[in-house]
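Treat the numbers as computed from the prediction; the structure is a model and nothing was measured.
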Amino acid sequence: MAFTCIRASSSSFTATRLLVSVFILGWASRTCSGFGSYGFDIHHRFSDPVKAILGSDELPEKGSAEYFAAMAHRDRLIRGRHLSSADGTTPLTFVYGNETYRIGAFGHLHYANVSVGTPSTSYLVALDTGSDLLWLPCDCSSCVHGVKLSNGDVVEFEIYSPNTSSTSKKVSCNSTYCEQPQHCASAASDCHYKIEYLSNDTSSTGVLVEDVLHLTTDDAKQKDVNARIGFGCGKEQTGIFLNGAAPNGLLGLGMDDVSVPSILARQGLASNSFSMCFGLDGSGRISFGDNGSLDQAETPFNLKNRSAYPTYNITITQIAIGESVTDLEFYAIFDSGTSFTYLNDPAYTQITENFNSALKNKRRSKDSSIPFEYCYDIRPNQTVNLTMKGGKQYSLLDPLVVIANEDGTTMFYCLGIVKSGDVNIIGQNFMTGYRVIFDRERMVLGWKESDCES
């Protein structure tokens, strides 16, 4: 497979330093000469490092039925804001949904520390492949300043201020960072932004600023760099952001020109690609400038669907459950910010019923307290493979969700798919065990099995 290095012309921003410590990635990558690769730890909302900072009050026991119900509800609220119908007016809804869970207890799935400004200050930001802009709470009148833990301790968050950073600079309306200069009073005016989300009147409003983002390189032969980036100085957050959905800022990883990988590519610091790897223990890695390896499997992104869903959309052409193979073409979004996989018909029925009919195990009675319909007392031993456009297979390494009974001593097993009323989403549960490459230069999705550490 040939590989050509291309300097992308898109604009944008960010990378991340991290929550507890920085791990250097030793992956054999196809990073272009002259480009850097920057790797950082990422942590799940339920991992010990994140719970130590954001607290664990109101979080159900991990692995319990309440946990899976709450996370499915969280998916519906968080992802619904930008996975709407094509006309942008109707939020995505799923068949299952218990609206008694508070979104503040869960928020986004993955977090990292970004180091910004001079002197450098760290911010615990949520990572989001479904949005684009990086914004930080900034001289804000409405934002989260800290969280109170169950033991009474208070964890204070950093609040960015351009006045306290010697490298900060305002973004005027004639800057390339300003996407809607027609709304400005003059070319020298501050460039304002407002991002409105579909869920619960949630938004972030403020002005754009420039400052340095401190990046640690994966390559011992290259020096660490300070990248000048544009980002949102979020003066007012509303809705679920005030309840902890993104308590100390949000880092977008989407395809737009203002996303993290785009700015790094435009500045020649990294190729316009990044990878995410998810471990079974709730930790993982993100590496900007990672084009993957020559032996990875790949499938192209669906560019024609970007107007409706400007996300990492791919085509699945075939489903194989054990020995049963069915040709079925449908679109799906790879979204690392969604806990589980959501499919609508006919894909949902095709996979779940074929999975069930191939088993000798007796299916459990449907339980309305959990989001999964196909559950078993004995662990199913059945393979599930998806064939992507281009012919490469994506094997589900562990399609099952293990749920503890109320007594905590016995388990049952569910196929980790929830029925969707609209968009098909390949969530994190079907990415676990893979290093997933979001290559925006060649417009392909790549994948290869990985333990996320070696």
Side-chain angles (χ1 to χ4, degrees), residues 44-47 50-51 54-80 83 91-109 150 199-200 240 243-245 280 282 335 337-345 347-349 351-357 359 361-380 382 384 396 398-430 432:
H44 193 277
R45 175 64 183 89
F46 276 74
S47 65
V50 175
K51 288 196 293 185
L54 298 185
S56 57
D57 295 351
E58 303 179 44
L59 298 182
E61 184 67 25
K62 187 174 182 180
S64 65
E66 292 79 12
Y67 166 83
F68 292 108
M71 293 306 283
H73 177 63
R74 171 225 159 265
D75 285 347
R76 185 174 66 83
L77 290 181
I78 290 286
R79 310 320 302 171
L83 296 179
L92 170 70
T93 58
F94 300 121
V95 172
Y96 175 84
N98 182 336
E99 302 198 5
T100 61
Y101 295 99
R102 288 185 57 229
I103 192 66
F106 311 108
H108 283 261
L109 275 192
S150 57
S199 57
N200 298 355
I240 61 176
N243 292 328
L280 297 173
D335 186 1
T338 302
S339 310
F340 310 121
T341 293
Y342 295 82
L343 299 177
N344 58 21
D345 280 330
Y348 176 81
T349 297
I351 292 180
T352 54
E353 291 189 357
N354 281 5
F355 182 87
N356 185 64
S357 62
L359 298 174
N361 304 355
K362 184 179 179 181
R363 180 182 167 191
R364 287 173 60 100
S365 299
K366 187 175 179 180
D367 185 345
S368 61
S369 67
I370 60 175
F372 312 109
E373 290 190 284
Y374 288 80
C375 300
Y376 309 87
D377 288 314
I378 300 174
R379 187 182 186 96
Q382 190 59 261
V384 180
L396 305 186
D398 188 2
L400 301 177
V401 170
V402 183
I403 302 179
N405 281 324
E406 290 183 4
D407 59 12
T409 60
T410 58
M411 307 284 184
F412 60 96
Y413 308 89
C414 299
L415 182 61
I417 301 176
V418 181
K419 191 169 187 179
S420 168
D422 197 346
V423 183
N424 298 310
I425 304 171
I426 305 298
Q428 188 215 308
N429 67 323
F430 283 1
T432 299

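One N or O on the side chain of Asn361 and one on the backbone of Ile378 form a donor-acceptor pair closer than 3.5 Å. Side-chain N or O atoms of Asn424 include one that pairs as donor or acceptor with a backbone N or O of Asn344 at under 3.5 Å.
Side-chain contact between Pro380 and Tyr374 is absent, with no heavy-atom pair separated by less than 4.5 Å. Annotation: side chain of Ile425 is not in contact with side chain of Ser420 (no heavy-atom distance under 4.5 Å). Residues Asp398 and Thr432 fail the side-chain proximity criterion, which asks for heavy atoms closer than 4.5 Å. In this structure the side chain of Arg379 reaches within 4.5 angstrom of the side chain of Leu400, judged on heavy atoms. For the pair Tyr376 and Arg363, the minimum side-chain heavy-atom distance is below 4.5 Å. Contact check for Val384 versus Phe430: no side-chain heavy atoms found under the 4.5 Å cut-off.
To the nearest 0.5 Å, atoms CD1 (Ile417) and CG (Leu396) are separated by 7.0 Å. To the nearest 0.5 Å, atoms CZ (Phe412) and CZ (Phe372) are separated by 9.5 Å. For the atom pair OG1 (Thr352) and CG (Asp345), the distance works out to 7.5 Å, reported to the nearest 0.5 Å. Rounded to the nearest 0.5 Å, atoms CG (Asn429) and OG1 (Thr338) are 9.5 Å apart. Ile370 CD1 to Cys375 SG: the interatomic distance, rounded to the nearest 0.5 Å, is 4.0 Å.
Minimum interatomic distance between Tyr348 and Val418 (heavy atoms only, all atoms of both residues): CE1-C, 3.8 Å.
Using a 4.0 Å cut-off between charged nitrogen and carboxylate oxygen, Asp377 and Arg364 count as a salt-bridge pair.
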